[in-house]
Amino acid sequence: MDAKPTPTPDGAPEHGCTCGCAKASQADLPRRGFFGMLFGTAIGIGTLAFSATAALWALATGRFFMPNVLTELPRKFCAGLPGDYPSDFVETGFKETHGVWLVNGTYQGRQQIFALDTTCTHLGCITLWAESEHKFKCPCHGSGFRMDGVNIEGPAPRPLVRYAVCVNDEGLLEIDKSRTFQEELGQWTDKACYVEV
């Protein structure tokens, strides 16, 4: 039996071969390590991407099965006594909580208490009460509304929307946001959208 040649310290086989077989095998090792690392990294990244996608799908599926619950304020609310609101006055305290301007003003020469939607009729921005100008202003596109809610400037195509308002059995003003009234449709003459004072 022939014994296998053992390499010498310089890397050449003991049998004196000059073919460079030992040097070739040593050169292959770094290349193999590089490709192994490259493919190993690609597989690792692929596995990570797949795991992330699977986790997102699992979350989306779980969210799909959860009920859609909105905590919405009641459509009706009480706003104190009619006498709490002096003539030519805009109550701004219900803007944030209910999206309502409560106004004691005049419309067509009659003193009324009415509730206006705070939403501009142009593109839905929330209006602001400009006390110094005595009108509602839209900060987005410059629409302006008189105290009674009628549009007077800017791109707003129609007046603010009114909500139903009445005096309930306890003598309190009660605003009902489920019922709306539009001036351009002639609905502001309906006694359900104002309280005469």
Side-chain angles (χ1 to χ4, degrees), residues 56 59-197:
L56 288 174
L59 286 171
T61 303
R63 175 65 186 100
F64 176 76
F65 287 108
M66 292 177 67
N68 289 327
V69 178
L70 295 175
T71 53
E72 189 174 319
L73 291 169
R75 304 294 285 167
K76 288 184 181 180
F77 66 96
C78 290
L81 299 167
D84 294 341
Y85 304 100
S87 181
D88 295 324
F89 176 77
V90 175
E91 174 56 59
T92 60
F94 301 109
K95 175 190 172 193
E96 300 298 327
T97 55
H98 297 283
V100 170
W101 301 116
L102 192 59
V103 181
N104 184 346
T106 56
Y107 176 68
Q108 296 182 343
R110 291 165 42 190
Q111 193 72 27
Q112 304 173 341
I113 293 178
F114 47 89
L116 296 171
D117 185 3
T118 58
T119 308
C120 179
T121 55
H122 177 225
L123 290 178
C125 292
I126 301 302
T127 56
L128 305 170
W129 171 243
E131 180 68 45
S132 60
E133 299 178 56
H134 218 61
K135 62 183 172 184
F136 299 105
K137 294 287 292 180
C138 177
C140 297
H141 304 101
S143 294
F145 304 86
R146 290 190 319 229
M147 188 179 192
D148 61 6
V150 174
N151 52 318
I152 52 172
E153 59 190 16
R158 59 187 183 279
L160 297 174
V161 174
R162 278 191 184 188
Y163 293 121
V165 62
C166 67
V167 177
N168 66 14
D169 296 338
E170 298 169 3
L172 300 172
L173 289 168
E174 184 176 273
I175 290 91
D176 182 1
K177 290 183 64 177
S178 65
R179 297 176 59 202
T180 58
F181 300 85
Q182 293 179 266
E183 196 269 345
E184 68 276 13
L185 300 177
Q187 296 173 340
W188 281 10
T189 57
D190 189 328
K191 290 190 176 189
C193 73
Y194 64 88
V195 170
E196 237 172 316
V197 289

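Nearest approach of Asn104 to Met147, heavy atoms of both residues: O-CE, 4.0 Å. Minimum interatomic distance between Asn151 and Ala156 (heavy atoms only, all atoms of both residues): ND2-O, 3.0 Å.
Contact annotation: the side chain of His98 never approaches that of Ile175 to less than 4.5 Å [non-hydrogen atoms, C-beta and beyond]. Put simply, the side chain of Phe181 does not reach to within 4.5 Å of the side chain of Phe114, judged on heavy atoms. A heavy-atom distance below 4.5 Å is found between the side chains of Arg110 and Tyr194. Side-chain contact between Asp148 and Val103: absent, with no pair of heavy atoms (C-beta onward) separated by less than 4.5 Å. Side-chain contact between Val167 and Leu172 is absent, with no heavy atoms from C-beta onward closer than 4.5 Å.
With rounding to the nearest 0.5 Å, the separation of CG in Leu160 from CH2 in Trp101 is 9.5 Å. Going from atom OG of Ser143 over to atom NZ of Lys135 covers 10.5 Å, rounded to the nearest 0.5 Å. Expressed to the nearest 0.5 Å, how far CG of Asp176 lies from CG of Asn168 amounts to 12.0 Å. Distance check: Phe136 CZ to Arg146 CZ gives 12.0 Å after rounding to the nearest 0.5 Å. Here Ile126 contributes atom CD1 and Asp117 contributes atom CG; the two are 7.0 Å apart, rounded to the nearest 0.5 Å. Phe145 contributes atom CZ, which lies 9.0 Å from atom CD1 of Ile152 (distance to the nearest 0.5 angstrom).
In the displayed structure, Glu196 atom CD is contacted under 6.0 Å by more than 12 heavy atoms of other residues, nucleotides or ligands.
Under the 3.5 Å distance criterion, the side-chain polar atoms of Thr121 are matched with a main-chain donor or acceptor of Arg158. Judged by distance alone, with hydrogens and angles left aside, the side-chain atoms of Arg75 form a donor-acceptor pair with the main-chain N or O of Lys177 at under 3.5 Å. Remark: the backbone N or O of Thr118 is paired with a side-chain donor or acceptor of Thr127 at under 3.5 angstrom.
The pair Arg162-Glu183 does not meet the salt-bridge criterion, since no charged nitrogen lies less than 4.0 angstrom from a carboxylate oxygen.
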Sequence neighbours excluded and cut-off under 3.5 Å, please list the side-chain donor-acceptor pairs for residues 78-91, or say none.
from	atom 1	to	atom 2	distance (Å)
Asp84	OD2	Leu81	N	2.9
Tyr85	OH	Ala79	O	2.3
Ser87	OG	Gln111	NE2	3.1
Glu91	OE2	Gly93	N	2.8

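For a disulfide, the SG atoms of both cysteines must be under 2.5 angstrom apart; this fails for Cys138 and Cys120.
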